[in-house]
K.L.:
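Questions regarding the structure given below will be posed in turn.
Model, not experiment: these values are computed from the prediction.
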Amino acid sequence: EWTLSSPPPLHQFTEPPLMVECEHLALQPGAEVEEVLEAQGEAITDIVGKEGWVANDPTLYEGLIPQNIEWTEFIDEKTGEWVYLDEFGQRVDTPVETMSRD
């Protein structure tokens, strides 16, 4: 979770928030985080979850209002109809099975 207030309202967190100070970093739009950190001499030991991330084309989601956290169920803003997309942003006929966050 990110917090932008100072000091952070800690009552809203179940654990302390991760605060990342990044003003000292040189901005490199489009660069991978690990590339930027390695260029600054930081050692990257582990990246968790990156293999599951897919960069979908944003135009696939134009005009769709997300209805779930996984971004697989939407309502078309023009027609009001339900639209279902798979993890790659391709339209499917039925809701996609998603992993539970329990």
K.L.:
Rounded to the nearest 0.5 Å, what separates atom CG in Leu85 from atom CG in Leu60?
P.N.:
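Going from CG on Leu85 over to CG on Leu60, the span is 7.5 Å.
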K.L.:
Among Ile65, Ile75, Asp76, which one satisfies side chain to side chain contact (heavy atoms under 4.5 Å, CB included) with Val83?
P.N.:
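Testing each of Ile65, Ile75, Asp76 against Val83, the sole residue satisfying side chain to side chain contact (heavy atoms under 4.5 Å, CB included) is Asp76.
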K.L.:
Filter on salt bridge (charged side-chain N to carboxylate O under 4.0 Å, His left out), then keep only pairs touching residues 36-47, sequence neighbours left out; what's left?
P.N.:
none
K.L.:
When rounded to the nearest 0.5 angstrom, what distance separates OH in Tyr84 from CG in Asn68?
P.N.:
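The OH atom of Tyr84 sits 10.0 Å away from the CG atom of Asn68.
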K.L.:
For a quick test of reading the model, state the closest non-hydrogen atom pair linking Ala31 to Val36 and the distance between them.
P.N.:
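In this case the closest contact between Ala31 and Val36 is CB-CG2, 3.7 Å.
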K.L.:
Tyr61: what forms a ring-ring contact (aromatic ring centres under 6.0 Å, His included) with it, not counting sequence neighbours?
P.N.:
Trp71, Phe74
K.L.:
Apply the test side chain to side chain contact (heavy atoms under 4.5 Å, CB included) to residues Asp86 and Thr72: give CA-CA distance (whole Å), side-chain angles for both, the deciding distance (0.1 Å), then the verdict.
P.N.:
CA-CA 6 Å; Asp86 65 13; Thr72 57; over 6 Å; no
K.L.:
So, taking the atom named CD in Glu77 and the one named CG in Leu64, what distance separates them when rounded to the nearest 0.5 Å?
P.N.:
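The distance works out to 8.0 Å.
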K.L.:
Sequence neighbours excluded, which residues qualify as salt bridge (charged side-chain N to carboxylate O under 4.0 Å, His left out) partners of Glu35?
P.N.:
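None.
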